[in-house]
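FYI, the numbering just counts along the sequence from 1. Quantities reported herein were computed from a predicted structural model and do not represent experimental measurements.
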Amino acid sequence: SSTMSFSEAEVQSARGAWEKMYVDAEDNGTTVLVRMFTEHPDTKSYFTHFKGMDSAEEMKQSDQVRGHGKKVFTAINDMVQHLDNSEAFLGILNPLGKKHAAQLKIDPKNFRIICDIILQLMEEKFGGDCKASFEKVTNEICAHLNNVYKEAGW
């Protein structure tokens with residue numbers, strides 16, 4: 001559906017959980033991507049600059065990986081600011097989804113992978129409650145991205 005149903009309490013706890021991650025956006029974003037590339041090596045094929053990198057250490061040091069990690073976290077941060085406003089939320093998510101579908105041709109299953117890694121890192125760093133309060137956000141992001149992909153003919 002195009003409307004999201006977050007209660008005020010859910011919005012607040014999701015924002016609180018995300019804030020802890022976003023304080024170190026570049027490092028945490030990098031960790032998430034490196035984990036994704038290491039555990040799901042096929043995801044690397046979408047990133048021409050990262051293809052030749054095999055070691056996690058090399059990826060962690062890469063400006064491109066760090067830059068993209070930060071970009072991912074910044075986009076999520078923008079969405080988190082608008083959990084109480086579907087229109088604004090979708091205004092960020094839709095163009096992003098369209099670009100990944102049409103231009104970049106990224107398999108939508110990769111969004112679930114990256115969201116699950118974010119949740120895993122949250123739990124490791126800040127515990128299960130932190131993860132639980134952000135889970136609904138990742139479900140919304142993935143559900144809406146899947147809709148965008150369907151509309152784009154995937």
Side-chain angles (χ1 to χ4, degrees), residues 1-2 4 6 14-15 17-83 88-154:
S1 74
S2 64
M4 296 183 302
F6 285 96
R15 282 187 184 149
W18 176 250
E19 249 160 53
K20 295 177 178 167
M21 288 287 279
Y22 194 63
V23 171
D24 295 310
E26 191 175 313
D27 280 342
N28 286 330
T30 301
T31 299
V32 167
L33 283 186
V34 170
R35 238 179 236 194
M36 180 173 78
F37 293 148
T38 311
E39 294 168 10
H40 306 270
D42 56 308
T43 57
K44 268 200 306 190
S45 65
Y46 294 107
F47 295 92
T48 45
H49 346 290
F50 310 163
K51 262 189 200 144
M53 292 183 199
D54 292 322
S55 80
E57 223 17 77
E58 203 181 342
M59 290 180 219
K60 269 181 204 135
Q61 304 304 322
S62 154
D63 287 340
Q64 274 119 343
V65 175
R66 299 190 72 79
H68 197 73
K70 186 152 197 230
K71 216 188 224 175
V72 169
F73 268 50
T74 303
I76 294 173
N77 192 58
D78 291 343
M79 292 176 213
V80 169
Q81 303 317 311
H82 298 296
L83 293 175
F89 179 91
L90 293 172
I92 295 157
L93 191 138
N94 286 342
L96 203 84
K98 282 183 188 136
K99 183 183 174 184
H100 281 75
Q103 256 179 288
L104 304 169
K105 308 254 190 284
I106 296 204
D107 190 317
K109 75 176 194 315
N110 293 324
F111 295 115
R112 186 69 260 175
I113 292 173
I114 206 167
C115 281
D116 286 343
I117 295 171
I118 289 171
L119 291 173
Q120 187 188 26
L121 187 62
M122 271 184 158
E123 186 168 31
E124 286 166 22
K125 290 190 145 205
F126 309 110
D129 288 349
C130 185
K131 175 193 171 185
S133 59
F134 203 67
E135 225 153 348
K136 188 171 176 180
V137 176
T138 64
N139 292 341
E140 286 288 339
I141 289 174
C142 290
H144 287 293
L145 282 168
N146 283 332
N147 290 343
V148 173
Y149 268 72
K150 278 195 193 95
E151 283 164 25
W154 270 72

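- The aromatic ring centres of His100 and Tyr149 sit 6.0 Å or more apart.
- By the 4.5 Å heavy-atom criterion applied to side chains, Thr43 and Phe50 are not counted as neighbours.
- Between Gln61 and Thr30, every side-chain heavy-atom pair lies at or beyond the 4.5 Å cut-off.
- Residues satisfying the ring-ring contact (aromatic ring centres under 6.0 Å, His included) criterion with His82, sequence neighbours excluded, are absent altogether.
- Taking the side chain as every heavy atom from C-beta outward, Met53 and Phe37 never approach each other to under 4.5 Å.
- With a 4.5 Å cut-off on side-chain heavy atoms, Phe89 and Gln81 do not count as touching.
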Would you mind writing out the side-chain donor-acceptor pairs for residues 69-76 within the sub-3.5 Å range, not counting sequence neighbours?
{"residue": "Thr74", "atom": "OG1", "partner": "Lys70", "partner atom": "O", "Å": "2.7"}

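- For Arg35, the salt bridge (Lys or Arg N to Asp or Glu O under 4.0 Å) criterion is met by Glu124, not counting sequence neighbours.
- Every salt bridge (Lys or Arg N to Asp or Glu O under 4.0 Å) that Lys60 has, sequence neighbours left out, goes to Glu57.
- Considering Leu96, Val137, Leu90 as possible partners of Met79, the one that fulfils the side chain to side chain contact (heavy atoms under 4.5 Å, CB included) test is Leu96.
- Remark: Asp107 pairs with Tyr46, Lys109, Asn110 by the side-chain contact (heavy atoms from CB on, under 4.5 Å) rule, at least two apart or across chains.
- Phe6 pairs by the ring-ring contact (aromatic ring centres under 6.0 Å, His included) definition with nothing, not counting sequence neighbours.
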